[in-house]
Colleague: 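Once you've had a glance at the structure underneath, I'll fire off some questions.
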Amino acid sequence: MSDLPKAYEPQAVEAKWYAAWIEGKCFEADPASEKPAYSIVIPPPNVTGILHLGHVLNNTIQDILARRARQEGKEVLWLPGTDHAGIATQAKVERELREKEKLTRRDLGREEFLKRVWDFKEKHGNIIISQLKRLGCSCDWSRERFTMDAAYTKWVSHVFVELFKEGMIYRGKRIVNWCPVSLTALSDEEVIMKPQRSKLYYMKYELTDAPGEFLEISTTRPETLMGDVAVAVNPKDPRFTKYVGRTVYRPFPHAPIPVIADDHVDIEFGTGALKITPAHDKADFEIGLRHNLPIIDVLTPEAFINCPEVPDLHGLDRFVARRKAAAKLEEMGLLIKVEEYDNNVGFSERAGVPIEPRISMQWFLKYPRVQEAADAVANGEIQIRPERWAKTYAHWMENLQDWCISRQLWWGHQIPVWYRKDKLEGLKNAESLDMADFQSGDIHVGIEAPADEAGWVRDEDVMDTWFSSWLWPFATMADVGEETPTLKKFYPTTDLVTGPDIIFFWVARMIMAGFRFEGELPFKNVYFTSLIRDMKGQKMSKTLGNSPDPLDMMDQYGADGLRFGLMRIAPTGSDLRFDEVQMEEGRNFANKLYNACRFRQMGGTIEFPETDVEEDEGLVGMANCFHIDILAKLDELAVDLTRAYGDYRFGEIAQRLYEFLWSEFCDKFLEAVKGDLRETATPEARVVTLSVIDTVMSRFLQLLHPYMPHLTEELSLNMGYVDAGEFLMEAELPEQPVLAGLSADDLAIEQNKAAAIYETAGRLRNLKTEYHVAARRDVKLVVKGAVAWLEEQQQVLALLAGAGEILLDSTYEAPKGTPVALTPVGEIYLPLEGLIDVAAEKVRMTREIAKFEQELVRSEAKLANESFIARAPAEVVEQEKARITEWRTKLAQLREMLEGLG
RNA sequence: GCGCGCUUAGCUCAGUGGUAGAGCACAUCCUUCACACGGAUGGGGUCGCAGGUUCGAAACCUGCAGCGCGCACCA
């Protein structure tokens, strides 16, 4: 017996193996390799982020794919890195600055502030990288990238310049989504619509040419009333025809504004009349453009009222001002009523406050290669899984809006545009900037600053983080204009694994960028993971505090336990409910495997008997039905796994591995062959059994390796399946099955024998339990009408069933009331002196008879149905007939026995 | 409003036309020399509802309900 502890202790083992893999350069990809390439780029986590369960799921899947690909003989590149995450990172540093030094970023100035962010990044950055290592991720760390590396930054600028010169990027004054907390524009994707309980205010504006006559208007935003420049009605709305072209008084500041007609107005909604505030609503802005209306901005960037003409509102927070404006209307007798109203309000994804539509000067991108990108998914060049996400992708691609790519932040890639100082004022306020301005020489757009830098001022804005992320698959592999061996070998990448929440942010954009800048799709397969929820079905979030720390999980259950537990409940489609119990199961599974190996080690080394049986030729010849059965099941497992990997069915793979080891190998096979390892066993039996165990265990460890890399590596070494100095993770999966040289018929015969013994053992244990002798191992069993081959396996049956002795006796006359079971190997009696209870046995048998009768009736009814006979496939009919025969035989036997009881 | 998805045992989920499954939880028994992070046995389901197709439906079709998620300029 080995000195190994009884329970597996993962912590030290996991750390040891990760270090060994790094030392052995096992994760490093070789572009010069002859092997076919397999590549994944990691979805770069936020550089200052910390690992959450979403990362664990996502990266475990990638690691499984990468490790499996290595086993399949591929040259694997899993390229890691981190994202600078503009808003999130800047916000963190600003918060720290505010809390510790009571300073804002403007107090420090751009240069000093950026220095602080870099310091912060050095200090807190890469925590997540070490956490990914703890999880066992086999990334090629020698190629780690950061989206603000110099070379990467050059890519971002290059892309901007190219697209600008192509006319795809332009600057313009538009309504954008403004975050009043982060003080920057956001893209449409960064706005989250949330249902809100709001109020709908009904108010009335007096007609200038008809005092006492009013036009009724409804709005949810009375606080922007000062920015009203018109009232719009639908031209098809007969109620308002007479007003169109006239003017009404805006209450404050008191001024006449026109009543206009515009198709956009919904006749059904509210009063049917809409106040037009072009500065604070996207639709209003467009109506304003159509009708040539002025724009009056009445909000500060921080979303406070900016309207000195109305002193009692000026300077107020927008929501305070809303109530105040309503009160003011009421005072003036212009408020008709207020209704409760449910609507959707856009929130800033990062800051969590309602965004404010705001006019501002921003840079926009017209997406390139839209058609190619849409087609690539539609025609299957890029496979999206689960497939239904392809529809979401297609829908978005069909409704693309220009992308607002500028951000009023400092942390990020600064826009590579310079303005001539002497023309700065004019350029700053120009309604639009594009190629024409570039050609005139007033602006400079380039990767490098203009030569006479002093005469120029650089655009202050930075780019949306996703404007760097969308280049990730190729910008990580080669510098601008380079054709590196890495790019050549590993681009396009094979699989992308990410969450469906960033299908627009990232996936779709990468596809477009791939086509535009590399002339090729960036990846062939996209696998969208499930969203992790808690047991109540709520989204995991820091604020809810329902997000367990993966590091805690790893401390408790091991990285392998966490990986396996999580993958085992990872569904193919919908959300995943995280249940810590499952991680415990993962740990238990690791422990089970570990103990199965300890058991094998107790068997010691294999000493071949003098007959000189060679492993290869002797194995099948000497094997019994249990050996053959487990080898066949192992082969089946390997085939099933290959298919499941092909379909990205990770939960099913985990389930099959679990079931094989626990049920098939430990519960059945090991129990069946335990006798072979006892001192009483023949040397031949011992050798065969140990060999079969080794064959199964070594192959199983390899199949399990992608899911539990550390443990399988450890056990493979300890068991001697992998030589010291070599790695299981580098061993290729053999293509041949472990079982060979047996005809399908012979295999079926052997497997049926094994199944019959297992089933019989189950029946007997059941019988023992029913008669309350489950714990006794000395009971005697008698088999009547035994199948011919039972004799050779009766020892095993006794072992499995927990019987002291099994007698084969075809003439056995059971005492009345002897418990009996009908099994695939014959009638088995459990003669128990003093325990036999005729009445109880009668009841049990009557119950069993009733059960079979029911089955018989059902089957007979089916066969009596002419349509069934006529239309069902022959094999189904045959199956049914066979069942009837079986039921009848059993019923006859049981009735006879019941009669025997008297 | 449009679209997508889900609804199977107390819980988490498999099961895409042929007698309803797994794990956990539960109950009873077992500390027998791999493992109590274990072993054995057992109880538990009109497969959301209603129609339809079919010899046969948990599965296919239609409708409905509940839940979830996207998208959308109804102020």
Colleague: Work out how far the P atom of rA27(B) is from that of rG43(B), and round it to whole angstrom.
Modeller: 16 Å

Colleague: Can you tabulate the close N/O pairs, meaning under 3.5 Å, that link protein atoms to atoms of nucleotides 51-55 of chain B?
Modeller:
from: rC55(B); atom 1: OP1; to: Arg871(A); atom 2: NE; distance (Å): 2.9
from: rC55(B); atom 1: OP1; to: Arg871(A); atom 2: NH1; distance (Å): 2.2
from: rC55(B); atom 1: O2'; to: Asn865(A); atom 2: ND2; distance (Å): 3.1

Colleague: Taking the nucleotide of RNA chain B with the nearest heavy atom to each, does Ser218(A) or Arg600(A) sit closer to the 5' end?
Modeller: Arg600(A)

Colleague: Just checking Asp501(A): base, sugar-phosphate only, or nothing, at a heavy-atom cut-off of under 4.0 Å?
Modeller: nothing

Colleague: side-chain hydrogen bond (donor to acceptor under 3.5 Å, both in side chains): which pairs involve residues 556-567 of chain A, sequence neighbours left out?
Modeller: Asp63(A)-Arg563(A), Tyr557(A)-Glu580(A), Asp560(A)-His710(A)

Colleague: For nucleotides rG17(B) and rA57(B), find the distance between their P atoms and express it as a whole number of Å.
Modeller: 14 Å

Colleague: To the nearest Å, give me how far apart CD (Glu584(A)) and C1' (rC11(B)) are.
Modeller: 15 Å

Colleague: Please report, to 0.1 Å, the donor-acceptor pairs under 3.5 Å made by any side chain of residues 657-665 of chain A, with sequence neighbours excluded.
Modeller:
from: Tyr658(A); atom 1: OH; to: Glu585(A); atom 2: OE1; distance (Å): 3.3
from: Glu659(A); atom 1: OE2; to: Arg656(A); atom 2: NH1; distance (Å): 3.4
from: Glu664(A); atom 1: OE1; to: Lys633(A); atom 2: NZ; distance (Å): 3.1

Colleague: Test: side-chain hydrogen bond (donor to acceptor under 3.5 Å, both in side chains). Region: residues 865-881 of chain A. Which pairs qualify, not counting sequence neighbours?
Modeller: Ser859(A)-Glu880(A), Glu880(A)-Arg883(A)

Colleague: Determine the interatomic distance between P on rG63(B) and the same-named atom on rG68(B); round to the nearest Å.
Modeller: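 About 22 Å, rounded to a whole number of Å.
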
Colleague: Under the salt bridge (Lys or Arg N to Asp or Glu O under 4.0 Å) test, which residues partner Arg888(A), sequence neighbours left out?
Modeller: Glu860(A)

Colleague: Rounded off to whole Å, could you give me the CG-to-C1' distance for the Leu767(A) and rA40(B) pair?
Modeller: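 So the two atoms are 14 Å apart, to the nearest Å.
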
Colleague: Just to confirm, is there a sub-4.0 Å distance from OP1 or OP2 of rU41(B) to any side-chain nitrogen or oxygen of Arg765(A)?
Modeller: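 The answer is yes; a side-chain N or O of Arg765(A) sits under 4.0 Å from OP1 or OP2.
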
Colleague: May I ask you to verify whether the side chain of Lys592(A) and the base of rC35(B) hold a donor-acceptor pair under 3.5 Å?
Modeller: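 Yes, the side chain and the base share a sub-3.5 Å donor-acceptor pair.
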
Colleague: Please report the distance separating the C1' of rU54(B) from the corresponding atom of rU62(B), rounded so that it comes out in whole Å.
Modeller: 16 Å

Colleague: Just to be sure I understand the rule, does Cys666(A) reach a base, reach only the sugar-phosphate, or reach nothing, if contact means heavy atoms closer than 4.0 Å?
Modeller: base

Colleague: rU7(B) and rC64(B): how far apart are their C1' atoms, nearest whole angstrom?
Modeller: 14 Å

Colleague: If you check the Val265(A) side chain, which of rU19(B), rC35(B), rA75(B) turns out closest?
Modeller: rA75(B)

Colleague: So what does Thr219(A) hit on the nucleic acid, given a heavy-atom distance under 4.0 Å: a base, only sugar-phosphate, or nothing?
Modeller: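 Touches sugar-phosphate only.
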
Colleague: Starting at atom CZ of Phe564(A), determine the distance to atom P of rU12(B), rounded to an integer number of angstrom.
Modeller: 21 Å

Colleague: Is it the case that rA34(B) (base atoms only) and Glu671(A) (side chain only) share a donor and an acceptor within less than 3.5 Å, ignoring hydrogens and angles?
Modeller: yes

Colleague: Distance between the P atoms of rG44(B) and rA20(B), in whole angstroms?
Modeller: 16 Å

Colleague: Under 4.0 Å between any heavy atoms, over every strand shown, what does Lys674(A) touch: base, sugar-phosphate, or nothing? Just pick one.
Modeller: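 Base, at least one base atom sits under 4.0 Å.
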
Colleague: Assign each of Ile569(A) and Ala590(A) to its nearest nucleotide of RNA chain B by heavy atoms, then name whichever residue's nucleotide is nearer the 5' end.
Modeller: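 Upstream on the strand: Ile569(A).
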
Colleague: If you measure from the C1' atom in rG52(B) to the same atom in rG10(B), how many Å do you get, rounded?
Modeller: 34 Å

Colleague: Taking the C1' atom in each of rU8(B) and rG23(B), what is the distance between them to the nearest angstrom?
Modeller: 15 Å

Colleague: Tell me every residue that passes salt bridge (Lys or Arg N to Asp or Glu O under 4.0 Å) with Glu714(A), counting only those two or more places apart in sequence or in another chain.
Modeller: Lys16(A)

Colleague: Hey, are Asp188(A) and Asn177(A) close enough side-chain-wise for a donor-acceptor pair under 3.5 Å?
Modeller: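 There is such a pair (donor and acceptor under 3.5 Å, judged by atom type) between the side chains of Asn177(A) and Asp188(A).
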
Colleague: Which atom names give the shortest non-hydrogen contact between Ala390(A) and Ile384(A), and what distance separates them?
Modeller: N-CG2, 3.9 Å

Colleague: Counting only side-chain nitrogens and oxygens, does Tyr341(A) get under 4.0 Å of the OP1 or OP2 atom of rA75(B)?
Modeller: yes

Colleague: Measuring from the side chain of Phe599(A) (C-beta onward, heavy atoms only), which nucleotide among rU32(B), rA72(B), rA34(B) has the closest atom?
Modeller: rA34(B)

Colleague: Under 4.0 Å between a side-chain N or O of Lys6(A) and OP1 or OP2 of rC35(B)?
Modeller: yes

Colleague: Taking 4.0 Å as the cut-off, does a side-chain nitrogen or oxygen of Asn766(A) come that near to OP1 or OP2 on rA40(B)?
Modeller: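 Answer is no, no contact under 4.0 Å.
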
Colleague: List the protein contact pattern of nucleotides 21-31 of chain B with one symbol per nucleotide (5' to 3'): B for base contact, S for sugar-phosphate-only contact, - for none; contact means a heavy-atom distance under 4.0 Å.
Modeller: -SSS-----S-

Colleague: List in chain and number order the residues that pass salt bridge (Lys or Arg N to Asp or Glu O under 4.0 Å) with Glu671(A), two or more places apart in sequence or in another chain; answer none if no residue qualifies.
Modeller: Lys674(A)

Colleague: For Lys204(A) and Thr271(A), run side chain to side chain donor-acceptor pair (under 3.5 Å): C-alpha distance rounded to whole Å, both residues' side-chain angles, the deciding distance at 0.1 Å, then the answer.
Modeller: CA-CA 10 Å; Lys204(A) 53 187 185 180; Thr271(A) 63; over 6 Å; no

Colleague: If you compare every side-chain N and O of Arg649(A) against the phosphate oxygens of rG15(B) (OP1, OP2), does one of them come in below 4.0 Å?
Modeller: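 True: Arg649(A) side-chain N/O within range (under 4.0 Å) of rG15(B) OP1/OP2.
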
Colleague: Using salt bridge (Lys or Arg N to Asp or Glu O under 4.0 Å) as the criterion, list what pairs up with Lys768(A), not counting sequence neighbours.
Modeller: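 Here no residue qualifies.
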
Colleague: What pair of heavy atoms forms the shortest contact from Leu53(A) to Leu566(A), and how long is it?
Modeller: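 Closest approach of Leu53(A) to Leu566(A), heavy atoms only: O-CD2, 4.3 Å.
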
Colleague: Would you say Asn399(A) places a side-chain N or O within less than 4.0 Å of OP1 or OP2 belonging to rA72(B)?
Modeller: no

